[in-house]
Amino acid sequence: MIAASISTELGARFTSQWYLGAPNAFGQVNQWAVSLETVWTDYQGRGVSVGIIDEGFDLTHPDLIDRFNLPLSYDPRDLSTLISILPDNETSRHGTWVAGVLGAHRADGGGMVGVAPGADLAGLYMRFGADGATQLEVADLLRHAKALDVVNMSWGYAESFGDNFDLPWFSEMGEAIDDALATSRGGLGTVFVAAAGNDRQYAPASAALDGDNTNAHNLSNHRGIITVAASDASGAIAPFSTPGASVFITAPGTQIQTTNTGTLGAISRCRFCM
């Protein structure tokens, strides 16, 4: 059970979590933080299943031990064991980063704390890069959203208009999302949350800084998906956060403390939309 005074229970690690309302050395709380101490007194996510479609989940990290509901987790390339959602290799760490932000909590009261430390996490393994998930695998993962209350997607397609649900090879993704929205949670629908992206900056003739817009992607402009942009500690839009009219809300996304793979108890500061 999370104590009423989170800062007392978690000590030094929580003091680094400015974005959740941890006071600084002068006892001041950042006005742009999502202050959760008073919320955690009554609501910690208990009874809520949160699916994370992402790459690799370090089940051995001390802040993530026993945080995953393995029967609800899924790896489309390995159905032989419940622990197949473990990272394929050292570089497959993005899912571990996101899991820490969402639901980290150590039973002994140490470590860091996620936004919903009492929720049931479900890892839905989606691979990135050269051997990344096919469109059919992504659709398969999205179909598993039907069994979950909330699903987080902190990834996206780089090419504008690439994830077009009207295209035959992307249509099953859209159908899976629509089905979960219509039938999950007794007709209330799965709550889908997607990061706006990290492609705000534009420079002429630059492939790396080509700019992007959430309106150009069905995974971030779908009317049933909550698209979240990132802000910094001053309340300004983060310089990398992709813009667009389909952005529904903005939350802290810079200097975020989270769980990392490779080193026991390591902490990584990354760009995130919470």
Side-chain angles (χ1 to χ4, degrees), residues 49-57 68-82 84-89 91-99 101-102 121-185 189-199 212-228 242 244 246 248 272-273:
S49 59
V50 179
I52 306 170
I53 301 179
D54 221 298
E55 185 175 46
F57 307 91
F68 282 85
N69 184 323
L70 294 179
L72 287 178
S73 299
Y74 177 65
D75 179 355
R77 297 188 186 179
D78 186 355
L79 306 180
S80 64
T81 173
L82 290 177
S84 63
I85 62 170
L86 284 165
D88 288 341
N89 50 58
T91 63
S92 302
R93 61 185 62 179
H94 196 269
T96 301
W97 292 348
V98 175
V101 174
L102 289 176
L121 302 183
L124 305 177
Y125 203 136
M126 175 180 170
R127 290 163 177 83
F128 302 149
D131 191 33
T134 66
Q135 287 93 337
L136 290 178
E137 284 178 332
V138 177
D140 187 19
L141 291 166
L142 287 167
R143 277 191 285 270
H144 279 73
K146 190 172 180 178
L148 300 165
D149 299 318
V150 181
V151 168
N152 182 84
M153 302 179 291
S154 292
W155 47 270
Y157 287 84
E159 183 180 353
S160 294
F161 306 107
D163 47 322
N164 182 346
F165 294 163
D166 288 333
L167 297 174
W169 48 93
F170 276 100
S171 62
E172 289 193 34
M173 293 187 199
E175 292 166 1
I177 291 171
D178 290 341
D179 183 43
L181 289 169
T183 62
S184 178
R185 298 195 304 144
T190 297
V191 178
F192 286 95
V193 181
N198 299 337
D199 199 9
D212 202 355
N213 194 291
T214 61
N215 301 329
H217 302 274
N218 277 168
L219 282 166
S220 56
N221 71 14
H222 192 288
R223 63 194 299 263
I225 296 175
I226 299 172
T227 299
V228 187
T242 303
S246 62
F248 185 78
F272 279 108
C273 303

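What you are looking at is a predicted structure, and each value in this text was computed from that prediction instead of being measured.
Atom CG of Asn198 is separated from atom OG1 of Thr242 by 6.5 Å, given to the nearest 0.5 angstrom. Going from atom CD of Glu172 over to atom CD of Gln135 covers 10.0 Å, rounded to the nearest 0.5 Å. A distance of 9.5 Å separates CZ in Arg223 from CG in Asp178, rounded to the nearest 0.5 Å. Between Phe165 atom CZ and Glu175 atom CD the span is 10.0 Å, to the nearest 0.5 Å. Note that NE2 of His144 is 11.0 Å distant from CG of Leu142, once rounded to the nearest 0.5 Å. Atom CG of Asp54 sits about 8.5 Å away from atom OG1 of Thr96, to the nearest 0.5 Å.
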Run the numbers on Phe248 and Val228 for side chain to side chain contact (heavy atoms under 4.5 Å, CB included), then give the verdict.
CA-CA 6 Å; Phe248 185 78; Val228 187; over 6 Å; no

Go through Phe57 and Ile52 one step at a time and tell me if the side chain to side chain contact (heavy atoms under 4.5 Å, CB included) criterion holds.
CA-CA 9 Å; Phe57 307 91; Ile52 306 170; 3.8 Å; yes

From CA spacing to verdict: side chain to side chain contact (heavy atoms under 4.5 Å, CB included), Leu148, Leu124
CA-CA 11 Å; Leu148 300 165; Leu124 305 177; 3.9 Å; yes

Under the side chain to side chain donor-acceptor pair (under 3.5 Å) rule, what do Asp212 and Ser160 come out as? Steps first, then yes or no, please.
CA-CA 7 Å; Asp212 202 355; Ser160 294; 3.2 Å; yes

Side chain to side chain contact (heavy atoms under 4.5 Å, CB included), that's the test. Do Val191 and Val193 meet it? Break it down for me.
CA-CA 7 Å; Val191 178; Val193 181; 4.3 Å; yes

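Of the possible polar contacts, one joining the Thr227 side chain to the Ser220 backbone as a donor-acceptor pair under 3.5 Å is found. Using a distance-only test at 3.5 Å, with no hydrogens or angles considered, a donor-acceptor pair links the side chain of Ser73 to the main chain of Gly123. Put simply, the side chain of Ser84 never gets that close to the backbone of Ser80: no donor and acceptor are under 3.5 Å apart. Side-chain atoms of Thr190 come within 3.5 Å of backbone N or O of Ala145 as a donor-acceptor pair. A donor-acceptor pair is defined here as one N or O able to donate and one able to accept, closer than 3.5 Å; no such pair exists between the side chain of Trp155 and the backbone of His94. Put simply, the side chain of Ser184 never gets that close to the backbone of Leu181: no donor and acceptor are under 3.5 Å apart. Asp163 places a side-chain N or O within donor-acceptor distance of the main-chain N or O of Leu219, the cut-off being under 3.5 Å.
Counting heavy atoms from C-beta on, the side chains of Ile177 and Phe192 come closer than 4.5 Å. Looking at heavy atoms from C-beta onward, Asn152 lies out of side-chain contact with Ile53 at the 4.5 angstrom threshold. Taking 4.5 Å as the limit, every side-chain heavy atom of Asn89 sits out of range of all side-chain heavy atoms of Pro87. Under the 4.5 Å side-chain criterion, counting only non-hydrogen atoms from C-beta, Ile85 is in contact with Leu70.
For Tyr157 and Phe170, the distance between ring centers is under 6.0 angstrom.
Residue pairs meeting the side-chain hydrogen bond (donor to acceptor under 3.5 Å, both in side chains) criterion with at least one member in residues 123-133, sequence neighbours excluded: Asp75-Arg127, Arg77-Asp131, Asp88-Tyr125, Asp88-Arg127.
Closest heavy-atom contact between Leu167 and Gly162: CD1-O, 4.1 Å. Across all non-hydrogen atoms, the minimal contact from Pro76 to Asp140 is CB-OD2, 3.8 Å. Contact between Phe68 and Ala99 at its shortest, heavy atoms only, is CZ-CB, 3.7 Å.
Between the side chains of Asn164 and His217, no donor-acceptor pair of N or O atoms lies under 3.5 Å. For the residue pair Asp149/Ser49, the side-chain donor-acceptor check at 3.5 Å is satisfied. Between Ser246 and Thr214, the side chains place a donor N or O and an acceptor N or O closer than 3.5 Å (distance only, hydrogens not considered).
Between Arg143 and Asp179, none of the side-chain N atoms (NZ, or NE/NH1/NH2) sits under 4.0 Å from a carboxylate O, so this pair counts as no salt bridge.
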